[in-house]
Amino acid sequence: MAIKGFVFDLDGVITDSAEYHYIAWKNLAAGLGIELDRAFNEQLKGISRMDSLNRILAYGNQSDMYDAAQKEALAQKKNDEYVKLIQQVTPADILPGISELFADLKAAGIRIALASASKNGPFILERLGLMAQVDTIVDPAELANGKPDPEIFLKAAEQLNLAPAECVGVEDAEAGIEAINRAGMFSVGVGTKEAMKDADYYVTSTQELKLSEILRRAS
């Protein structure tokens, strides 16, 4: 089946706003007396804001200390700081090779969707100057399940009016690769061989994402 759509994660694929997430979570956790490091932060990649908060509270043995409303307030506090941090994002923050890949996709008539757990996806795309090239964005607030559930990728295919088998999914998180595979799409991973072992095709950096090679492998 011919590939007619590409579905992209945001963090670590189009731009690396993961650093801003890390700073915001680290500061929130510090205020709760929980010390986060970069190794633990790897567990937060690709999952929702509330799932991230629950993992942090569990890590600090504070899971039972907050009710649902308090957790919502904590998640909102983290997001408020993150939104302030991403005000500084510019087109210079697009990861290497992505602008060229988007241009090649447009030239080939292949549609582009964003499937990110980040509710700030549209704002970041605007800051990067890529909004006009993206055909549709999945709203994570409308989803019942986060990655590794395939729901976000199935929704992206639906919004593109394509079958999942007509789409390629691009991710940098293990949970994201699992979600793409479960959705029935061809999975492209960006990362280490070990982390991306379940991807149909993987590269170590976005610079290596070439449309011709991805289409050859997906055919």
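Excluded from the calculations below are hydrogen atoms, water molecules and symmetry mates; all remaining heavy atoms, backbone and side chain alike, are included.
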Say you draw a straight line from SG of Cys167 to CZ of Phe6; how long is it, rounded to the nearest 0.5 Å?
-> 9.5 Å
Would you call Gln133 and Leu105 a side-chain contact if the rule is heavy atoms closer than 4.5 Å?
-> no
Reported CZ-to-CG distance for the pair Arg55 and Asn41, which is rounded to 0.5 angstrom | 11.5 Å
Which pair of non-hydrogen atoms, one from Ile56 and one from Ala29, has the smallest distance, and what is that distance?
-> CG2-CB, 4.1 Å
Do Thr204 and Thr192 touch side chain to side chain, with heavy atoms closer than 4.5 Å?
-> no
side-chain contact (heavy atoms from CB on, under 4.5 Å) between Tyr201 and Ser187, worked out | CA-CA 6 Å; Tyr201 171 55; Ser187 57; over 6 Å; no
Distance-minimising heavy-atom pair for Met196 and Val190 | SD-N, 3.6 Å
Nearest heavy-atom neighbours spanning Ile110 and Leu211 = CD1-CD1, 4.2 Å
Sorted by chain and residue number, the salt bridge (charged side-chain N to carboxylate O under 4.0 Å, His left out) partners of Glu213 (sequence neighbours excluded) come out as Arg216, Arg217
Do Asp93 and Thr15 have side-chain atoms, one donor and one acceptor, less than 3.5 Å apart?
-> no
Taking side chain as C-beta onward, heavy atoms only, is Ile3 less than 4.5 Å from Glu166?
-> no
Are Met50 and Leu143 connected, step by step, through hydrophobic side chains (Ile, Leu, Val, Met, Phe, Trp, Tyr) whose heavy atoms are closer than 4.5 Å?
-> no
Heavy-atom donor-acceptor pair, Lys26 side chain to Leu36 backbone, under 3.5 Å = yes
Note: Lys155-Glu158 ion pair, threshold 4.0 Å (strictly below) = yes
State whether Glu178 and Arg182 are salt-bridged, where the test is any N-O pair (Lys NZ or Arg NE/NH1/NH2 against Asp/Glu carboxylate O) under 4.0 Å.
-> yes
Indicate, with yes or no, if Ile152 and Val134 share a hydrophobic cluster defined by side-chain heavy-atom contacts under 4.5 Å among Ile, Leu, Val, Met, Phe, Trp and Tyr.
-> no
Backbone of Tyr20 reached by a side-chain donor or acceptor of Ser17 within 3.5 Å | no
Validation row: Leu28, Leu53 side chains within 4.5 angstrom (heavy atoms) = yes
Leu85 side, atom CG; Tyr22 side, atom OH - distance, nearest 0.5 Å | 13.5 Å
Evaluate the side-chain contact (heavy atoms from CB on, under 4.5 Å) criterion for residues Glu171 and Lys147: first the C-alpha distance (whole Å), next the side-chain angles of each, then the deciding distance (0.1 Å), finally the verdict.
-> CA-CA 11 Å; Glu171 265 279 1; Lys147 303 168 188 177; 2.6 Å; yes
Pairs satisfying salt bridge (Lys or Arg N to Asp or Glu O under 4.0 Å), at least one member in residues 116-140, at least two apart | Lys106-Asp135
For the hydrophobic clusters of this structure (ILVMFWY residues joined by side-chain heavy atoms under 4.5 Å, transitively), does one cluster hold both Ile47 and Leu154?
-> no
Donor-acceptor pair, side chain of Glu81 and main chain of Lys78, under 3.5 angstrom = no
Other residues, nucleotides, ligands: >12 heavy atoms within 6.0 Å of Asp64 CG | no
Between Phe40 and Tyr59, ring centroids under 6.0 Å = yes
With side-chain contact (heavy atoms from CB on, under 4.5 Å) as the test, would you mind laying out the steps for Val188 and Ile180 before giving the verdict?
-> CA-CA 9 Å; Val188 176; Ile180 294 169; over 6 Å; no
So with a 6.0 Å cut-off around NZ of Lys77, is the heavy-atom count from everything else above 12?
-> no
Between Tyr202 and Leu215, is there a shared hydrophobic cluster once you connect ILVMFWY residues whose side-chain heavy atoms come closer than 4.5 Å?
-> no
Between Asn54 and Lys71, do the side chains contain an N or O donor and an N or O acceptor separated by less than 3.5 Å?
-> yes
Tell me, do Asn120 and Asn79 make a side-chain contact under 4.5 Å, heavy atoms counted?
-> yes
Determine yes or no for a side-chain-to-main-chain donor-acceptor pair under 3.5 angstrom, with Thr136 supplying the side chain and Gln159 the backbone.
-> no
Is a side-chain N or O of Glu151 found less than 3.5 angstrom from the main chain of Ala144, in a donor-acceptor match?
-> yes
Can you say whether the rings of Phe102 and Phe8 are parallel (under 30°), tilted (30 to 60°) or perpendicular (over 60°)?
-> tilted
Heavy-atom pair of closest approach, residues Tyr82 and Ile124 = OH-CD1, 3.2 Å
Quick one: closest heavy-atom pair of Pro150 and Ala183, and the distance?
-> CB-N, 3.6 Å
Does Arg49 use its side chain to pair, donor to acceptor, with the backbone of Ser118 at less than 3.5 Å?
-> no
Are the side chain of Glu42 and the backbone of Ala39 linked by a donor-acceptor contact shorter than 3.5 Å?
-> no
Ile214 side, atom CD1; Leu101 side, atom CG - distance, nearest 0.5 Å | 5.5 Å
Could you pull out the closest heavy-atom pair between Asp172 and Gly12, with the gap in Å?
-> OD2-CA, 3.5 Å
Given the rule that I, L, V, M, F, W and Y join up when any side-chain heavy atoms are under 4.5 Å apart, are Val89 and Ile94 in one cluster?
-> yes
Indicate yes or no: does Arg38 engage Glu19 in a salt bridge with an N to O separation below 4.0 Å.
-> yes
Would you sort out whether Leu114 and Ile14 count as a side-chain contact (heavy atoms from CB on, under 4.5 Å), showing the intermediate values?
-> CA-CA 10 Å; Leu114 183 74; Ile14 294 175; 3.8 Å; yes
State the CG-OG distance between Leu95 and Ser205, to the nearest 0.5 angstrom.
-> 9.0 Å
Mind checking whether Val7 and Val168 have side chains closer than 4.5 Å, heavy atoms only?
-> no
Any side-chain heavy atom of Met185 within less than 4.5 Å of one from Phe153?
-> yes
Does Asp16 reach the side chain of Asp11, with side-chain heavy atoms less than 4.5 Å apart?
-> no
Keeping the roles fixed (side chain from Gln62, backbone from Ala58), state whether a donor-acceptor pair exists under 3.5 Å.
-> no
